[in-house]
Amino acid sequence: MIIPNEWKKSSVSEICKLQNGNSFKPQDWDTKGLPIIRIQNLNGSDNFNYFSGIPQERWIIETGDLLFSWAGTKGVSFGPFVWRGIKGVLNQHIYKVQAQDSIDEEWLFYVLKYVTIKIENKAHGFKKTLVHVKKKDIDDQVISLPPLLEQQKIAKILTTWDKAISATERLIDNSTQQKKALMQQLLTGKKRLLDESGKRFEGEWEALTIGDVVELFNGYAFKSSDALEKGYKWLKIANVGIGEIKWDSSSYLPEGYEDEYNRFNLKVGDVVVAMTRPTLGNQLKIARLKNKADESLLNQRVAKLLFSEKVSSEYMYQLLSTIEVALKLNHALLGTDPPNLSTKVLHKISMELPPLIEQQKIATVLTNADKEIELLEQQLADFQQEKKALMQVLLTGKKRVVVDGDNS
């Protein structure tokens with residue numbers, strides 16, 4: 001690859017030193033002393049073991065130090081991190097990164113991010129998600145090295161994008177928390193909305209069970225031997241997440257199956273739920289098909305929800321997404337292995353149901369909150385994609401930056 005005249009080809013080992021952490025054994029752990037920084041702590045976990053002995057200088061990590069996790073999950077815990085916690089000691093599987101002279105540490109962070117992407121893209125087999133590399137695999141990575149002032153300007157630009165990404169993530173978190181508070185108030189009747197005349201809804205809600213107004217339509221047992229790399233999408237239990245359809249693991253059936261098995265077709269607006277192990281923690285694995293790309297054939301172990309005429313499907317979707325329903329469901333399935341959802345199980349879960357017009361009002365408020373979150377999530381995805389594209393051109397010299405004082 002051609003690089004600018006002022007730049008030079010270099011390797012990671014020439015621009016920084018990677019120093020491995022210590023292998024702390026259980027007998028080294030304590031409840032006091034310096035926290036032992038493990039991979040899980042790089043992602044925000046505050047669950048620490050402690051070391052109360054005398055640490056070697058090379059183990060010590062201060063706030064702001066640059067680290068590199070060389071054994072972790074792709075896109076999550078593998079790659080560079082800036083330590084934001086308190087002073088601690090470094091565990092094994094993480095390198096402390098020390099920049100060489102004339103290397104800007106912020107620019108180095110982004111270069112190591114770029115290197116991480118290259119390493120992850122080459123991962124295959126069992127390493128497709130779990131990446132575990134040797135020091136040489138990182139040291140030998142070739143990078144394009146600009147002069148110091150240009151490093152600093154590149155880092156400044158990419159940091160600006162990171163700040164925009166962080167701000168959007170905070171907005172998403174705030175909006176999500178606000179929506180949860182709304183659900184708690186509206187779906188329990190603690191807060192009543194206004195009707196068409198401007199008066200607040202009144203009256204008691206009807207006591208019944210979820211199974212009184214919801215039935216489950218089971219999917220078809222399509223054969224794995226019929227699966228293709230292209231064709232018509234086939235929605236399996238792995239595709240049903242909490243509030244989302246996930247197509248990162250897609251399977252296809254031959255074109256025409258959607259006509260032959262018409263009754264198992266899923267359309268925009270349909271709500272599906274995982275039938276086996278239907279909860280994850282305190283959330284039900286339930287999702288709504290949001291767009292045409294989600295349309296697919298319903299496989300076994302997944303069910304489409306059929307709603308009574310006395311309920312709003314959107315209201316019931318919001319209700320079934322609450323922690324309270326998941327907790328009741330977990331209790332109803334207690335002792336079953338594996339836990340399987342059925343209409344019979346739903347009949348064990350009590351609820352109070354407002355009149356249809358009030359359900360529709362509540363559903364509108366909560367759906368609007370969802371749309372606001374979805375817009376922010378799309379904005380976040382756009383920012384992340386644009387930053388990725390910027391890294392590709394700025395860190396390789398394909399696009400140059402104007403350095404302060406440079407009039408050329």
Side-chain angles (χ1 to χ4, degrees), residues 12-117 119-120 123 127 129-139 141 143 151-152 155-156 158-159 161-163 165-167 169-170 173 281 387:
V12 169
S13 63
E14 292 174 311
I15 62 172
C16 65
K17 178 184 176 183
L18 304 177
Q19 176 65 58
N20 202 13
N22 184 52
S23 176
F24 290 98
K25 305 290 192 297
Q27 57 265 31
D28 298 321
W29 300 348
D30 203 339
T31 56
K32 60 184 183 300
L34 291 171
I36 299 171
I37 300 167
R38 295 176 292 170
I39 290 174
Q40 67 190 63
N41 304 123
L42 301 181
N43 289 312
S45 171
D46 57 1
N47 180 21
F48 288 100
N49 294 316
Y50 292 84
F51 178 70
S52 58
I54 300 174
Q56 295 184 26
E57 182 63 30
R58 62 190 180 88
W59 305 345
I60 296 176
I61 298 300
E62 303 281 357
T63 303
D65 280 350
L66 181 56
L67 309 175
F68 194 104
S69 169
W70 53 272
T73 304
K74 178 180 178 181
V76 178
S77 56
F78 176 78
F81 293 81
V82 177
W83 178 243
R84 302 299 184 190
I86 62 173
K87 180 178 179 179
V89 288
L90 192 62
N91 198 43
Q92 63 178 344
H93 297 133
I94 308 173
Y95 292 125
K96 180 178 181 179
V97 183
Q98 297 171 301
Q100 302 288 12
D101 294 340
S102 300
I103 299 297
D104 180 76
E105 195 160 287
E106 286 190 350
W107 173 84
L108 177 59
F109 168 79
Y110 290 110
V111 165
L112 292 177
K113 273 284 189 186
Y114 182 68
V115 164
T116 295
I117 294 169
I119 293 173
E120 288 179 340
K127 291 184 177 180
T129 55
L130 182 62
V131 187
H132 187 288
V133 298
K134 298 176 181 177
K135 184 172 180 290
K136 188 175 186 299
D137 296 326
I138 305 168
D139 276 342
Q141 291 289 327
I143 58 97
Q151 293 175 35
Q152 293 168 340
K156 184 177 180 181
L158 294 176
T159 299
W161 282 89
D162 273 342
K163 287 178 180 177
I165 289 169
S166 294
E169 287 173 336
R170 287 193 296 272
D173 185 59
K387 180 201 161 187

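For the single chain, residues carry numbers from 1 onward in sequence order. Any value given below was found using the heavy atoms of this structure, including those in side chains, with hydrogens, waters and symmetry copies removed.
Listed by chain and residue number, Trp70, Tyr95 satisfy the side chain to side chain contact (heavy atoms under 4.5 Å, CB included) test with Asn20 (two or more places apart in sequence, or in another chain). Contacts of Phe68 classified as ring-ring contact (aromatic ring centres under 6.0 Å, His included), with partners at least two apart in sequence or in another chain: Phe78.
For the pair Ser69 (side chain) and Gly79 (backbone), a donor-acceptor distance under 3.5 Å is absent. Using modelled atom types, no side-chain atom of Gln141 and backbone atom of Tyr114 make a donor-acceptor pair closer than 3.5 Å. At distances below 3.5 Å, not a single donor-acceptor pair connects side-chain atoms of Asn91 with backbone N or O atoms of Gly21. Judged purely by atom type and a 3.5 angstrom limit, Gln152 has no side-chain atom pairing as donor or acceptor with the backbone of Asp104.
Contact check for Leu158 versus Glu106: no side-chain heavy atoms found under the 4.5 Å cut-off. Residues Leu66 and Leu112 form a side-chain contact, since some pair of their non-hydrogen atoms from C-beta on lies under 4.5 Å apart. Within the 4.5 Å cutoff, the side chain of Ile37 has no heavy atoms near those of the Val89 side chain. No side-chain heavy atom of Lys134 sits less than 4.5 Å from a side-chain heavy atom of Asp139. Considering only heavy atoms from C-beta on, Cys16 stays 4.5 Å or farther from Ile103 through its side chain. Looking only at side-chain heavy atoms (C-beta outward), Val131 and Ile119 come within less than 4.5 Å of each other. By the 4.5 Å heavy-atom criterion applied to side chains, Val97 and Pro80 are not counted as neighbours. Using a 4.5 Å heavy-atom threshold, the side chains of Phe109 and Lys113 count as touching.
In terms of heavy atoms, Arg58 sits closest to Lys96 at O-CD, 4.4 Å. Scanning both residues, Asn41 and Trp83, for their nearest heavy atoms gives O-CZ3, 3.6 Å.
Distance check, rounded to the nearest 0.5 Å: CD of Gln56 to CG of Leu90 gives 12.5 Å. Taken from NZ in Lys87 to CG in Asp65, the straight-line distance is 11.0 Å, to the nearest 0.5 Å.
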When you look at Asn47 and Arg38, which way does the side chain to side chain contact (heavy atoms under 4.5 Å, CB included) test go after all the steps?
CA-CA 9 Å; Asn47 180 21; Arg38 295 176 292 170; 4.3 Å; yes
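Atom CD of Gln27 is surrounded by more than 12 heavy atoms from other residues, nucleotides or ligands within 6.0 Å.
A side-chain donor-acceptor contact under 3.5 Å links Tyr110 and Asp162.
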